Amino acid sequence: MFNQRSPGRIAYHLISGDALELWFIKLLAGLYYGRIATHGRDRLLGRRTMDDQALRNALLDQNLAPGAGLYVAQQPGEMLRRGIRAAPLSNVALDALIGIRVEFGTVAFDTLLTAPRDQSAALARNRRRHRPGLIDFHGPQRDARLVLSWRGNGNVINRFGIVLEG
């Protein structure tokens with residue numbers, strides 16, 4: 001249900017989910033191969049491996065493995081009006097880089113390059129939505145809806161709601 005205090009103040013945005021997912025994967029590759037991604041003060045290139053075949057498949061517009069891709073969740077905390085953070089996701093047990101987290105305020109977009117295994121399976125289960133079709137933002141000033149299209153999903157709607165605090 002949309003905000004009743006601001007009727008008619010709903011912003012709609014259509015986004016290619018596939019393109020957003022690919023953009024996050026490109027960001028991961030740029031941070032890793034550009035020697036920018038770190039853990040503490042240590043650069044990850046040379047310390048963590050990355051599945052280069054999965055990266056090539058993603059960049060060449062081939063499908064990611066089932067269970068890989070974009071996950072969306074809302075984290076507890078105050079919604080910041082400005083600011084984007086990005087950090088690599090690692091599977092320490094495998095010494096591998098498995099994806100990237102991009103945060104817009106309290107909304108976390110985790111994009112996994114490969115299907116979850118071991119400890120990363122818990123990460124995937126904790127995410128509320130894998131490749132959502134609708135993300136509804138409910139706030140005190142205005143409501144917004146992101147409509148994400150996914151290749152091959154047809155009419156499947158995977159809806160996710162986010163409540164924004166004042």
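This one's a predicted model, so the numbers in the text were calculated from it and none came from an experiment. Below, each value reflects all heavy atoms present in this structure, side chains not excepted, and no hydrogens, waters or symmetry copies.
Taking the side chain as every heavy atom from C-beta outward, D110 and L89 approach each other to under 4.5 Å. In this structure, L28 and L55 have side chains that are not in contact, with every pair of non-hydrogen atoms separated by 4.5 Å or more. V107 places a side-chain heavy atom less than 4.5 Å from the side chain of V72. At a threshold of 4.5 Å between non-hydrogen side-chain atoms, the residues P88 and L97 count as touching. The shortest side-chain heavy-atom distance between M50 and L113 falls under the 4.5 Å cut-off.
A108 and R101 make their closest contact through CB-NE, 4.0 Å (heavy atoms, listed as atom of the first residue, atom of the second, distance). Closest non-hydrogen pair, R48 versus A96, comes out as CD-N, 3.7 Å. Looking at every heavy atom in both residues, I25 comes nearest to A58 through CD1-CB, 3.9 Å.
With sequence neighbours left out, D18 forms a side-chain hydrogen bond (donor to acceptor under 3.5 Å, both in side chains) with no residue at all. Looking at residues two or more places apart in sequence or on another chain, you find no side-chain hydrogen bond (donor to acceptor under 3.5 Å, both in side chains) involving N63.
In this structure, the side chain of H13 does not engage the main chain of A144 through any donor-acceptor pair within 3.5 Å.
The distance from atom CG of L70 to atom CG of L22, rounded to the nearest 0.5 Å, is 12.0 Å. The OG atom of S16 sits 8.0 Å away from atom CG of L148, with the distance rounded to the nearest 0.5 Å. To the nearest 0.5 angstrom, I15 atom CD1 is 4.5 Å from L146 atom CG. In this structure, CG in L112 is found 11.0 Å from CD1 in I100, a value given to the nearest 0.5 Å. With rounding to the nearest 0.5 Å, the separation of CG in L14 from CZ in R145 is 12.5 Å.
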Trace of the side-chain contact (heavy atoms from CB on, under 4.5 Å) decision for I135 with R129: CA-CA 10 Å; I135 303 175; R129 293 291 184 265; over 6 Å; no
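Every pair passing side chain to side chain donor-acceptor pair (under 3.5 Å) that includes a residue from residues 21-37 is listed here, sequence neighbours excluded: E21-R131, Y33-D52.
Using cut-offs of 30° and 60° for the angle between ring planes, the F24 and F109 rings count as tilted.
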